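Values reported hereafter were calculated over all heavy atoms of this structure, with side chains retained and with hydrogens, waters and symmetry mates removed. Since this is a predicted model, take the numbers as computed values, not measurements.
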There are 2 protein chains.
Amino acid sequence: MNESFKALADPTRRQIIRLLREKDRTAGEIADYFQMTKPSISHHLSALKHAGLVQDERKGQFIVYSLDTTVLEEVLGWFLELTGTGKNSSDKED
Amino acid sequence: MNESFKALADPTRRQIIRLLREKDRTAGEIADYFQMTKPSISHHLSALKHAGLVQDERKGQFIVYSLDTTVLEEVLGWFLELTGTGKNSSDKED
DNA sequence: TCGATATTTAAATAATTATCTAAATGTATA
DNA sequence: TATACATTTAGATAATTATTTAAATATCGA
């Protein structure tokens, strides 16, 4: 889960997540939303993927990225537990 | 909110939050849970305070830290919005 | 007021992360 | 198969962050 928290600590990466929440997009489409170079965005996508927050799939020439909400929901659980909103507050790791 | 995400990206700081969730503690008590030097913990506490996640209050010789769940709930809202669990999904900043 | 205790601040260094340009890889198509 | 397009990987550098030791600040109690 540490990787997820670290991945979420960057505003560019959080924006990418929000973009992918709307719909799947190619690396190039994602890069167009930012003023950064494509390699930099590629690096951010790699961090998100490594954290398990997104998935990628090659489609011909393109690579399509999509959101994986599984880990996101784990992180959500961390907060719910903490804020007392959650059902169960038993101790977990991290 | 960026400061909050950055503050939460460190495992030591997340552990401090969990410790403060149980009860208020002095800087020294908190430091005792870690193998780091006190100045390092003081630095982490400063980051958490700067992010609005904790509050501190001097009590005589000691400084007592406590959790401020307000910002934590804002971050929680970010996740709820994203995972679709939340009531309203209108666009917000960040 | 002096000495002990609690904590932070300062200054230095090490480690990590972000970003860029240039080069490499993979795919499509003329 | 040569060329163009989409994307990543490599290598370099700059910026940020974490950590330490040493010094400073604040409070307590004799």
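- Scanning both residues, A:Leu82 and B:Arg21, for their nearest heavy atoms gives O-NE, 3.4 Å.
- Atom CD1 of A:Ile41 is separated from atom C1' of D:dA6 by 15 Å (rounded to the nearest Å).
- A distance of 11.5 Å separates CG in B:Leu48 from CG in B:Asp68, rounded to the nearest 0.5 Å.
- In this structure, NE2 of A:His50 is placed 16 Å from C1' of D:dT9, rounded to the nearest angstrom.
- In this structure, the CD atom of A:Glu57 is 14 Å from the P atom of D:dT8, given to the nearest Å.
- Separating the CD atom of A:Glu29 from the P atom of D:dC5 is a distance of 17 Å, rounded to the nearest angstrom.
- An OP1 or OP2 oxygen of D:dT17 is reached within less than 4.0 angstrom by a side-chain nitrogen or oxygen of B:Lys6.
- A sub-4.0 Å separation between OP1 or OP2 of C:dA6 and a side-chain N or O of B:Arg58 is absent.
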Could you walk me through whether B:Leu76 and A:Leu76 pass the side-chain contact (heavy atoms from CB on, under 4.5 Å) test, one step at a time?
CA-CA 7 Å; B:Leu76 173 68; A:Leu76 173 67; 3.6 Å; yes
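- Side-chain proximity of B:Met36 to the nucleotides D:dT20, D:dT9, D:dT17 is greatest for D:dT20.
- Between B:Thr37 and D:dT20, a side-chain N or O to OP1/OP2 separation shorter than 4.0 Å is present.
- With rounding to whole Å, A:Arg25 atom CZ is found 18 Å from D:dT7 atom C1'.
- Counting non-hydrogen atoms under 4.0 angstrom, A:Ser46 reaches nothing in the nucleic acid.
- Between the side chain of B:Gln61 and the base of D:dC28, no donor-acceptor pair under 3.5 Å is found.
- Residue-level contact check: B:Thr12 touches neither bases nor backbone, having no heavy atom under 4.0 Å from any strand.
- Taking all atoms of both residues into account, the shortest heavy-atom contact from B:Leu45 to B:Ala27 is CD1-CB, 4.0 Å.
- Which of C:dT7, D:dT7, D:dA18 sits closest to the side chain of B:Phe62 comes down to C:dT7.
- Note: NZ (B:Lys38) to C1' (D:dA22) measures 16 Å, nearest angstrom.
- One interatomic measurement links the two molecules: NE2 of A:His43 to P of D:dA10, which rounds to 13 Å at whole-angstrom precision.
- In the set D:dT8, D:dT19, C:dT9, the nucleotide with an atom closest to the side chain of A:Ser42 is D:dT8.
- From A:Leu8, atom CG reaches atom CD of A:Glu3 across 11.0 Å, with rounding to the nearest 0.5 Å.
- Within the 4.0 Å cut-off from OP1 or OP2 of D:dT19, at least one side-chain nitrogen or oxygen of B:His44 is found.
- B:Ile63 places its CD1 atom 14 Å from the C1' atom of D:dA24, with the value rounded to the nearest Å.
- One finds no side-chain N or O of B:Tyr65 lying less than 4.0 angstrom from the OP1 or OP2 phosphate oxygen of C:dA6.
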